[in-house]
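Encoded as structure tokens, the structure appears first; notes follow it.
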Amino acid sequence: MKPGKAIVNIIIVFVVLVIFSYVGAIQLSPFPATKSSIDTYVLDFIYLLLPVVILSLVAFFLGNGIKSLKNRFQALGLTYVSALVIGGVIALFTLFKFPYSAHVNFAWLGTTWYSPWLTLFLIGAPIILAFIV
């Protein structure tokens, strides 16, 4: 993979997570108070990039697997499953309560039985799309 494309994909994942943070689907770690030192801001920003890099690595490997398939139907099915896998990685961050990571709001779309699954799919779909295209 080219370094330029990798950086663009990491930026896309970061922007997607920030957008989902604004609409309430996930919760990112908050920034420190305004009277904190500059090294605290830099360290918190690096901690904010940690889940982005992990998601980018998982999506990169899944995207390469999808691109290598010759059958369109297999690739389409693996794309949908990969979107759920990416959402599942974020769900693992939430369930294990990793500090400085993205936490999913499972009740974002409501309280029905399929809402958490749909939330994970809607978060994972744009991320895996960035690595397939």
Side-chain angles (χ1 to χ4, degrees):
M1 181 176 195
K2 299 175 184 171
K5 187 175 179 183
I7 292 172
V8 168
N9 285 338
I10 289 173
I11 291 171
I12 289 171
V13 171
F14 180 71
V15 168
V16 166
L17 288 180
V18 168
I19 289 172
F20 278 119
S21 170
Y22 282 133
V23 297
I26 63 172
Q27 182 181 18
L28 295 174
S29 61
F31 281 111
T34 56
K35 295 184 180 184
S36 298
S37 62
I38 191 73
D39 61 341
T40 306
Y41 281 106
V42 171
L43 193 60
D44 281 352
F45 185 71
I46 290 171
Y47 285 148
L48 184 65
L49 289 179
L50 186 64
V52 171
V53 171
I54 291 171
L55 285 174
S56 297
L57 283 174
V58 171
F60 171 74
F61 293 131
L62 289 172
N64 278 345
I66 292 169
K67 286 186 214 177
S68 68
L69 292 176
K70 301 295 182 196
N71 190 349
R72 292 182 186 182
F73 294 115
Q74 289 177 349
L76 184 66
L78 190 57
T79 302
Y80 285 117
V81 170
S82 297
L84 284 173
V85 167
I86 296 295
V89 169
I90 298 176
L92 285 176
F93 291 157
T94 304
L95 293 177
F96 291 144
K97 296 183 183 4
F98 284 127
Y100 302 108
S101 66
H103 295 283
V104 178
N105 179 9
F106 290 112
W108 177 50
L109 297 175
T111 57
T112 56
W113 66 270
Y114 57 86
S115 295
W117 291 95
L118 188 59
T119 300
L120 295 179
F121 179 77
L122 289 177
I123 292 171
I127 293 173
I128 196 67
L129 182 68
F131 286 89
I132 292 176
V133 175

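- At distances below 3.5 Å, at least one donor-acceptor pair connects side-chain atoms of Thr79 with backbone N or O atoms of Ala75.
- Nearest approach of Gly63 to Ile128, heavy atoms of both residues: N-CD1, 4.2 Å.
- Atoms CD1 and CG, from Ile123 and Leu84 in turn, are 11.0 Å apart once rounded to the nearest 0.5 Å.
- At a threshold of 4.5 Å between side-chain heavy atoms, the hydrophobic network of Ile, Leu, Val, Met, Phe, Trp and Tyr places Val23 and Val18 in one connected group.
- Tyr22 and Phe106 fall within the same hydrophobic cluster, where Ile, Leu, Val, Met, Phe, Trp and Tyr residues are linked whenever their side-chain heavy atoms come under 4.5 Å apart, directly or through other members.
- Residue Ala59 comes nearest to Ile127 through the heavy atom pair CB-CG2, 4.2 Å, listed as atom of the first residue, atom of the second, then distance.
- In terms of heavy atoms, Thr94 sits closest to Ala102 at OG1-O, 3.8 Å.
- Here the CG atom belonging to Leu28 is positioned 5.5 Å from the CG atom belonging to Leu48, to the nearest 0.5 angstrom.
- Remark: the backbone N or O of Ala107 is not paired with any side-chain donor or acceptor of Thr111 at under 3.5 angstrom.
- Residue Ile132 is not grouped with residue Phe73 when hydrophobic side chains (ILVMFWY) are merged at heavy-atom distances under 4.5 angstrom, including chains of intermediate members.
- Summarising the geometry of Pro51 relative to Ser101, their closest heavy-atom pair is CG-CA, 3.9 Å, with the distance given to 0.1 Å.
- Taken to the nearest 0.5 Å, the CG atom of Leu57 stands 11.0 Å off from the CG atom of Leu62.
- Shown here is Trp108, whose CH2 atom has more than 12 heavy atoms of other residues, nucleotides or ligands within 6.0 Å.
- Shown here for Asn9 and Ser56, the closest heavy-atom pair between the two residues is O-OG, 4.5 Å.
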Q: Any chance you could lay out the side chain to side chain contact (heavy atoms under 4.5 Å, CB included) test for Ile86 and Val58, step after step, and finish with the verdict?
A: CA-CA 7 Å; Ile86 296 295; Val58 171; 3.7 Å; yes
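- Both Phe96 and Leu17 are members of a single hydrophobic cluster when ILVMFWY side chains are connected at heavy-atom separations under 4.5 Å.
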Q. Given Ile66 and Phe131, is the side chain to side chain contact (heavy atoms under 4.5 Å, CB included) satisfied, shown in steps?
A. CA-CA 10 Å; Ile66 292 169; Phe131 286 89; over 6 Å; no
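- With values rounded to the nearest 0.5 angstrom, Ser82 atom OG is found 13.5 Å from Phe61 atom CZ.
- From Leu120, atom CG reaches atom CG of Leu109 across 10.0 Å, with rounding to the nearest 0.5 Å.
- Here Phe14 contributes atom CZ and Phe45 contributes atom CZ; the two are 4.5 Å apart, rounded to the nearest 0.5 Å.
- In terms of heavy-atom proximity, Gly24 sits nearest to Asn105 at O-ND2, 3.2 Å.
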